[in-house]
K.L.:
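Have a look at this one.
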Amino acid sequence: MPTFGLGTWKMSDAEAETSVRTALEMGYRLIDTATLYGNEKSVGKAVRESGIPREEIFVTTKLWPTDFFSPQAAFNGSLSKLGLDYIDLYLVHWPIPLMPKSVWQQLEKIYASKKVRAIGISNYDVGDIKKLLQYASVVPAVNQIKFSAFDFEKEILEFCNDKHIVVEAYSPLTRGTHLGDATVAALAKKYNKTPAQVMLRWCLQHGTVIIPKSSHSERIKENAAVFDFEISSEDMKALDELS
Ligand code: NDP
């Protein structure tokens, strides 16, 4: 699984098609969408028309709770909208209390059919995962959760690491709301990077995958330029303390 990718929440069809195309041209190889986002068609189109071999692109989509009684049909719908032969990662988008065991069991069946390369979860806390592991035959490969210096819960990160579940950070830029924070700004200045790059680098140094969303090509480029610097352990600690 690539360590960084493009999020597409709130992107219209037109925005998603252009942004995914731009991101792929700039070297992104992971694209995150969901049935809920309503843009699987345009995401799939951009992926298919990119000219990049399919196996080099990692596509994630998600099962929304309203489809919990028909996961196979929902999965087939996503596959058809994306226009792909297989999906790389299929996630249960959100757990609900009393979620039937059959949801995960259906995902395991889809996984066995090889139409998806990995199955995982999203928005699961430690208790939700413990419940799932009681009956799961396939351990979720990924838990996609809200994760940033302003939404930092060590417990879930350590628990997932312990179970070998990859943590994928969504809203790693806090949807833009904390990019003006004084600590982040000071560190951006210190490392000669932008606040967004400092926030993303912090996630990477905690071992998570990142999927920042942007519909602007200059920001898509900026968000990928996070592999040429390292935040010191002292500065990591200062960022850890922001939440
Ligand atoms: P992000 O933290 O990625 O922030 C996106 C916002 O930040 C947009 O408004 C964007 O604006 C702005 N932005 C992006 N780059 C920069 C930059 N370099 N400088 C300044 N502003 C910037 O939020 P998301 O909530 O979108 O999370 C990322 C992805 O995670 C989603 O798109 C989705 O794929 C996934 N997600 C999953 C959820 C789940 O339940 N599993 C829930 C929420 C998100 P602009 O586009 O105008 O550049």
Side-chain angles (χ1 to χ4, degrees), residues 1-20 22-23 26 28 30-40 42-44 46-47 58-67 78 82 87-96 119-125 128-129 140-152 156 160 165-181 184-185 188 191 193-204 208-226 242-243:
M1 181 177 188
T3 49
F4 80 103
L6 183 76
T8 64
W9 187 45
K10 296 232 162 142
M11 283 188 191
S12 66
D13 268 323
E15 273 177 330
E17 191 179 332
T18 312
S19 305
V20 171
T22 304
M26 289 180 179
Y28 283 65
L30 187 170
I31 309 295
D32 183 81
T33 182
T35 305
L36 181 76
Y37 306 167
N39 57 23
E40 286 169 311
S42 45
V43 166
V47 167
F58 191 101
V59 179
T60 302
T61 192
K62 315 184 189 89
L63 174 75
W64 190 244
T66 48
D67 289 323
S78 287
L82 286 159
I87 288 168
D88 295 276
L89 176 64
Y90 196 48
L91 303 177
V92 177
H93 202 145
W94 216 291
I96 52 167
I119 52 176
I121 51 184
S122 179
N123 296 297
Y124 274 55
D125 64 22
D128 295 322
I129 301 176
V142 169
N143 186 19
Q144 187 180 109
I145 52 171
K146 193 175 192 184
F147 190 86
S148 76
F150 298 89
D151 302 281
F152 179 37
I156 181 78
C160 288
I165 298 170
V166 172
V167 173
E168 188 174 31
Y170 80 64
S171 304
L173 299 172
T174 63
R175 297 179 187 154
T177 56
H178 288 81
L179 291 174
D181 175 86
V184 176
Y191 290 99
K193 285 286 176 179
T194 65
Q197 289 168 332
V198 168
M199 303 255 299
L200 295 173
R201 182 73 204 179
W202 176 89
C203 292
L204 289 174
T208 73
V209 170
I210 48 169
I211 44 167
K213 173 263 173 189
S214 179
S215 303
H216 294 93
S217 60
E218 69 282 6
R219 287 178 174 172
I220 294 174
K221 190 174 175 192
E222 173 187 335
N223 295 344
V226 289
L242 291 176
S243 40

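In listed order, ligands and their atoms are each counted from 1.
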K.L.:
Just so I know, are the side chains of S19 and I220 near enough to count as touching, which here means a heavy-atom distance under 4.5 Å?
P.N.:
yes

K.L.:
Using heavy atoms and a threshold below 4.0 Å, how should the contact between T33 and ligand 1 be classified: side chain, backbone, both, or neither?
P.N.:
neither

K.L.:
Looking at ligand 1, does any of its N/O atoms fall within less than 3.5 Å of an N/O of L173?
P.N.:
yes

K.L.:
Checking the side chain of N39 only, and the main-chain atoms of M11 only, is there a donor and an acceptor separated by less than 3.5 Å?
P.N.:
yes

K.L.:
For ligand 1, find out whether one of its N or O atoms is nearer than 3.5 Å to an N or O atom of H216.
P.N.:
yes

K.L.:
Please determine which of N123, L63, I121 meets the side-chain contact (heavy atoms from CB on, under 4.5 Å) test together with W94.
P.N.:
N123

K.L.:
Which atoms of ligand 1 have any heavy atom of Q144 under 4.0 Å away?
P.N.:
35 (C), 36 (N), 37 (C), 38 (C), 39 (C), 41 (N)

K.L.:
Residue-level breakdown please: for S122 versus ligand 1, do any non-hydrogen atoms fall below 4.0 Å on the side chain, on the backbone, on both, or on neither?
P.N.:
side chain

K.L.:
Applying side chain to side chain contact (heavy atoms under 4.5 Å, CB included), run through L91 and T60 and close with a yes or a no.
P.N.:
CA-CA 8 Å; L91 303 177; T60 302; 3.9 Å; yes

K.L.:
With heavy-atom distances below 4.0 Å as the criterion, list the atoms of ligand 1 near S214.
P.N.:
14 (C), 15 (N), 45 (P), 46 (O), 48 (O)

K.L.:
Of the choices I121, N123, I31, which has the non-hydrogen atom that lies closest to atom 40 (O) of ligand 1?
P.N.:
N123

K.L.:
Near D32, which atoms of ligand 1 are under 4.0 Å from a heavy atom of that residue?
P.N.:
33 (C), 34 (O), 35 (C)

K.L.:
Measure the spacing between CG of L200 and CD1 of I210 and express it to the nearest 0.5 Å.
P.N.:
4.5 Å

K.L.:
Can you list the atoms of ligand 1 that are under 4.0 Å from a heavy atom of P212?
P.N.:
3 (O)

K.L.:
Here's a test for you: under side-chain contact (heavy atoms from CB on, under 4.5 Å), which of C160, P140, P95 qualifies with Y124?
P.N.:
P95

K.L.:
Of the backbone atoms (N, CA, C, O) and the side-chain heavy atoms from C-beta on, which set of P172 has a member under 4.0 Å from an atom of ligand 1: side chain, backbone, both, or neither?
P.N.:
both

K.L.:
Can you tell which part of A196 has a heavy atom less than 4.0 Å from ligand 1: side chain, backbone, both or neither?
P.N.:
side chain

K.L.:
Distance check, rounded to the nearest 0.5 Å: L242 atom CG versus F150 atom CZ?
P.N.:
4.5 Å

K.L.:
To which protein heavy atom is atom 31 (C) of ligand 1 closest, and what is the distance rounded to 0.1 Å?
P.N.:
W9 CB, 3.5 Å

K.L.:
Could you work out, for atom 33 (C) of ligand 1, the closest of Y37, W94, Y170 by heavy-atom distance?
P.N.:
Y37

K.L.:
Out of M11, K221, K10, R219, indicate the one that has the non-hydrogen atom closest to atom 45 (P) of ligand 1.
P.N.:
R219

K.L.:
Quick check on contacts: which atoms of ligand 1 are under 4.0 angstrom from a heavy atom of L179?
P.N.:
19 (N), 20 (C), 21 (N)

K.L.:
What do the steps show when you test L179 against V184 for side chain to side chain contact (heavy atoms under 4.5 Å, CB included), and what is the final call?
P.N.:
CA-CA 7 Å; L179 291 174; V184 176; 5.6 Å; no

K.L.:
Give the atoms of ligand 1, by number and element, whose distance to some non-hydrogen atom of G7 is under 4.0 Å.
P.N.:
29 (C), 31 (C), 32 (O), 34 (O)

K.L.:
Can you confirm whether or not the ring centre of W9 sits under 6.0 Å from the ring centre of Y170?
P.N.:
no

K.L.:
Give a yes-or-no answer on whether the side chains of E40 and T33 include a donor-acceptor pair shorter than 3.5 Å.
P.N.:
no

K.L.:
Side chains of N143 and I156, heavy atoms from C-beta outward: is any pair under 4.5 Å?
P.N.:
yes

K.L.:
Determine, step by step, whether D32 and K213 satisfy the salt bridge (charged side-chain N to carboxylate O under 4.0 Å, His left out) criterion, reporting the C-alpha distance in whole Å, the side-chain angles of both residues, the deciding distance to 0.1 Å, and the verdict.
P.N.:
CA-CA 9 Å; D32 183 81; K213 173 263 173 189; over 6 Å; no

K.L.:
If the cut-off is 4.0 Å to any non-hydrogen atom of I211, which atoms of ligand 1 fall inside it?
P.N.:
28 (C), 29 (C), 30 (O), 35 (C)

K.L.:
Parallel, tilted or perpendicular: which one describes the rings of H93 and W64, with boundaries at 30° and 60°?
P.N.:
perpendicular

K.L.:
Where on T174 is there a heavy atom closer than 4.0 Å to ligand 1, on the side chain, on the backbone, on both, or on neither?
P.N.:
backbone

K.L.:
Once you restrict to heavy atoms under 4.0 Å, what part of K213 touches ligand 1? Side chain, backbone, both or neither.
P.N.:
both

K.L.:
Should you measure from each heavy atom of H93, which atoms of ligand 1 turn up under 4.0 Å away?
P.N.:
39 (C), 40 (O), 41 (N)

K.L.:
Just to confirm my output: which protein heavy-atom neighbour is closest to atom 24 (P) of ligand 1, and how far is it?
P.N.:
S171 OG, 3.7 Å

